[in-house]
Amino acid sequence: MNIAVLLKQVPDTTAKITISDEKVDESSVSKWSMSPYDEYALESGLKLKETSGGNLIAITCGPERTKKMLTDAAAVGADTLVHIPNDGVTDSTHVQKLLAAAVKRFDSHVVLCGKQAADTNGGSTGPGVAELINAACVTLVSEVNFSEGKFTTIRPSNSGIEKVVVDGLSVFAFDKGSTELRRPNVRGIMMAKKKPIESIISSDLGVNLEASNVKMNSQNPPPEKPAGQKFEGAEYVNEVVSKLRNEANVI
Amino acid sequence: MVYEALDFYDVDSLLTEEERMVRDMVRDWVDEEVIPNIEIACRDGVFPDEWRVALGEMGVLGAPLKGYDCPGLSYTAYGVICRELERGDSGLRSFASVQGSLAMYPIWDFGSEEQKNYYLPKMASGEWIGCFGLTEPDYGSNPGDMITKAEDMGDHYLLNGAKMWITNGSIAELAVVWAKLDGVIRGFIVEKNDPGFSAPEMKGKHSLKASVTSELVFQDCKIPKDRMLPGVKGLRGPFSCLNNARFGISWGALGSAQACFDSAKDYAMSRIQFNHPIASYQLVQNKLSWMLREITKGQLLAYHLGQKKDAGTWIPEHISLAKMNNVDIALEIARVARDIHGANGILDEYPIMRHMANLESVKTYEGTHDIHNLIIGRHITGIQAFTREA
């Protein structure tokens with residue numbers, strides 16, 4: 001089984017984000033990491049590989065720096081590393097087209113990704129790629145198992161959890177589950193270092209990055225949180241209850 | 001608070017990609033598993049067994065040793081690992097130093113092929129813990145006059161004597177013990193269940209509390225003939241081990257110093273006195289600036305020493321300088337950090353006091369600060385000043 005895992009490198013959740021000229025200043029990001037939901041997709045892909053056998057193809061679309069993330073993926077067990085340079089990429093539909101073309105090129109039987117990237121929180125990659133490759137798509141997946149030619153996934157439902165069983169080409173977009181992520185080890189790191197990264201440009205994938213319908217106007221930092229309020233003494237009980245009920249809406 | 005490793009001169013950019021990946025692996029593990037649990041481990045006075053398992057799984061034990069299922073990393077990578085571990089706690093780094101440099105290394109360098117094949121894979125995986133017996137109650141800086149002796153009884157050796165201040169002693173499956181056989185220092189592998197061997201734990205430490213420290217007692221301890229390390233005689237054996245461990249400490253101490261700096265910087269930025277953060281006052285900035293200066297110098301020292309170690313162009317005096325300097329500045333940085341934290345600096349909510357107390361041990365073990373000065377003094381003058389006898 002060829003298991004494609006789509007990965008995105010994002011500013012680490014601990015990194016400070018600065019805005020200049022109404023855009024996120026990427027050069028000021030001190031640490032780039034694999035998007036956390038993608039880590040769950042990768043872990044689930046590795047588990048699928050261990051139980052059902054196969055080849056795990058880690059695919060990313062991004063600038064040169066994203067190759068480091070592919071090597072990190074190799075350190076925990078990714079077999080094939082695919083980098084698609086993002087030259088000319090202006091929005092998520094471009095990314096979906098490129099990833100979909102790579103998924104096809106590597107003859108993937110199943111595609112795993114995070115439910116959304118931790119930077120843009122778009123959530124369009126999984127469903128978008130599924131649409132382009134004509135695959136089934138299950139989102140918010142916390143677990144996937146393969147047996148007798150079918151994938152059984154676990155996802156939340158209104159009243160608890162539901163099991164969704166699919167067969168054929170499928171895309172699973174992962175949420176954080178109870179799965180514990182594996183750590184790399186020295187042996188994995190030493191092998192990863194020797195693993196080649198295949199770079200495939202958009203034209204080689206047969207993707208034409210025509211003008212996009214989507215335009216990003218500006219990015220802004222979130223508004224600063226107002227300072228907290230402090231109340232001491234019994235005389236404030238009524239006021240605090242009223243604030244909790246009417247302003248915070250928590251009681 | 002998220003840890004931001006101080007690297008003012010971007011020294012880590014000189015590391016190989018592999019070394020940086022190993023750094024990140026260990027750093028993440030320390031953040032997730034060590035720092036949330038270290039204070040409890042210290043209060044209980046235990047080295048958590050999960051840490052042994054994790055170090056084995058990550059594959060960092062005996063980092064620079066090659067073959068026999070050992071990691072085969074560079075010495076620089078070993079230094080980086082020590083730095084990241086000691087950012088968590090010096091006791092944790094001590095565990096790794098003893099296992100790798102003091103127990104695995106002598107077997108790897110001086111052991112027989114059978115000894116290497118038998119012990120090293122189990123030690124690299126963390127399954128077996130090792131310890132190192134050199135120091136005795138009456139012989140610390142002067143190990144050459146040790147009392148512990150071995151006698152050849154024909155079909156076995158008989159060991160008699162006692163060792164003290166032995167990290168990992170009570171939790172070890174095996175000890176590499178240095179003893180005199182016919183007046184010549186030799187290395188012996190003693191296993192936990194050998195008759196006549198015991199390793200009572202030393203209690204009551206105010207330092208390295210999350211590390212096990214023990215005595216090793218040999219009372220007519222009988223060990224098979226094939227347990228002597230065939231490859232070395234004299235003090236060169238234990239000193240070779242100590243060179244490697246001291247190298248690791250020169251990096252490790254920077255981890256403690258960086259942890260203290262990081263905490264002091266965060267505290268100074270958020271602590272308001274006289275209506276402003278104390279970081280805005282000149283005296284505090286002077287302290288932070290001094291810390292950064294010393295850490296940066298220490299990092300350059302450690303990195304360059306790592307390169308020399310990997311290139312094989314080092315001499316023991318290079319290691320003495322780095323161990324002495326980096327532990328010295330780390331301890332002083334911990335003290336200044338405590339000062340910046342005010343009364344809060346004594347609480348276990350902050351890592352300061354723990355690092356400070358740990359570093360008091362680190363300053364003394366593996367060659368005291370003064371002994372390293374004497375080693376360098378001898379290098380400068382050609383005159384040994386350890387003893388009045390020639």
Side-chain angles (χ1 to χ4, degrees), chain A residues 7 9-18 27-36 38-40 42-43 46 58 64-78 81 83 118 176 179-197 225 227-228 230, chain B residues 1-8 10 12-13 15-34 50-51 53-74 77-78 80-81 84 96 100 121 124-126 262 266 269 272:
Chain A
L7 302 172
Q9 194 185 43
V10 298
D12 192 83
T13 46
T14 62
K16 286 193 191 100
I17 306 293
T18 54
S27 65
S28 74
V29 173
S30 58
K31 188 180 176 191
W32 292 90
S33 300
M34 189 183 296
S35 182
D38 296 355
E39 290 186 304
Y40 287 97
L42 176 60
E43 177 60 39
L46 292 167
E64 194 67 15
R65 61 169 155 74
T66 59
K67 286 182 174 175
K68 158 81 170 71
M69 175 186 61
L70 293 176
T71 308
D72 288 341
V76 288
L81 311 178
H83 170 241
K176 180 182 173 168
T179 320
E180 202 164 308
L181 301 175
R182 69 193 63 197
R183 284 179 198 292
N185 57 39
V186 166
R187 201 159 292 174
I189 289 172
M190 290 174 113
M191 274 163 44
K193 180 185 70 170
K194 294 186 197 119
K195 198 151 274 179
I197 296 174
K225 279 189 190 160
K230 204 170 169 182
Chain B
M1 205 52 84
V2 181
Y3 173 62
E4 283 179 48
L6 173 69
D7 188 4
F8 188 58
D10 214 4
D12 274 11
S13 68
L15 300 174
T16 64
E17 187 181 351
E18 177 179 291
E19 287 160 354
R20 277 197 296 272
M21 285 174 80
V22 171
R23 174 197 68 187
D24 292 345
M25 170 184 76
V26 179
R27 186 178 288 176
D28 288 348
W29 176 72
V30 167
D31 270 329
E32 288 161 28
E33 304 295 336
V34 177
E50 308 86 83
W51 296 357
V53 174
L55 291 168
E57 283 175 355
M58 285 190 285
V60 297
L61 296 170
L65 307 181
K66 291 180 175 57
Y68 311 98
D69 292 348
C70 295
L73 292 165
S74 63
Y78 171 55
V80 170
I81 290 165
E84 297 305 323
S125 71
D262 193 52
D266 283 341
M269 297 292 282
I272 311 287

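Convention: sequence-line order gives letters A, B, ...; per-chain numbering from 1.
Tested against B:Pro71 for a side-chain contact (heavy atoms from CB on, under 4.5 Å), the candidates A:Val186, A:Ile189, A:Asn185 yield a single pass: A:Val186.
Side-chain contact between B:Glu4 and A:Thr14: absent, with no pair of heavy atoms (C-beta onward) separated by less than 4.5 Å. Between A:Lys193 and B:Thr16 there is no side-chain heavy-atom pair separated by less than 4.5 Å.
Contact of A:Lys194 with chain B is not made at all, since no heavy-atom distance falls under 4.5 Å. Heavy atoms closer than 4.5 Å to chain B are found in both the backbone and the side chain of A:Thr71. For B:Asp24, the part lying under 4.5 angstrom from a heavy atom of chain A is the side chain only.
The shortest heavy-atom contact between B:Gly72 and A:Met190 is O-CE, 3.2 Å.
Comment: A:Arg183 engages B:Glu33 in a salt bridge, judged by a side-chain N to carboxylate O separation of less than 4.0 angstrom. For B:Glu57 and A:Arg187, the salt-bridge test fails: no basic side-chain N is under 4.0 Å from an acidic carboxylate O.
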Quiz item: Could you go step by step and tell me if A:Lys68 and B:Glu17 meet the side-chain contact (heavy atoms from CB on, under 4.5 Å) rule?
Solution: CA-CA 9 Å; A:Lys68 158 81 170 71; B:Glu17 187 181 351; 3.9 Å; yes

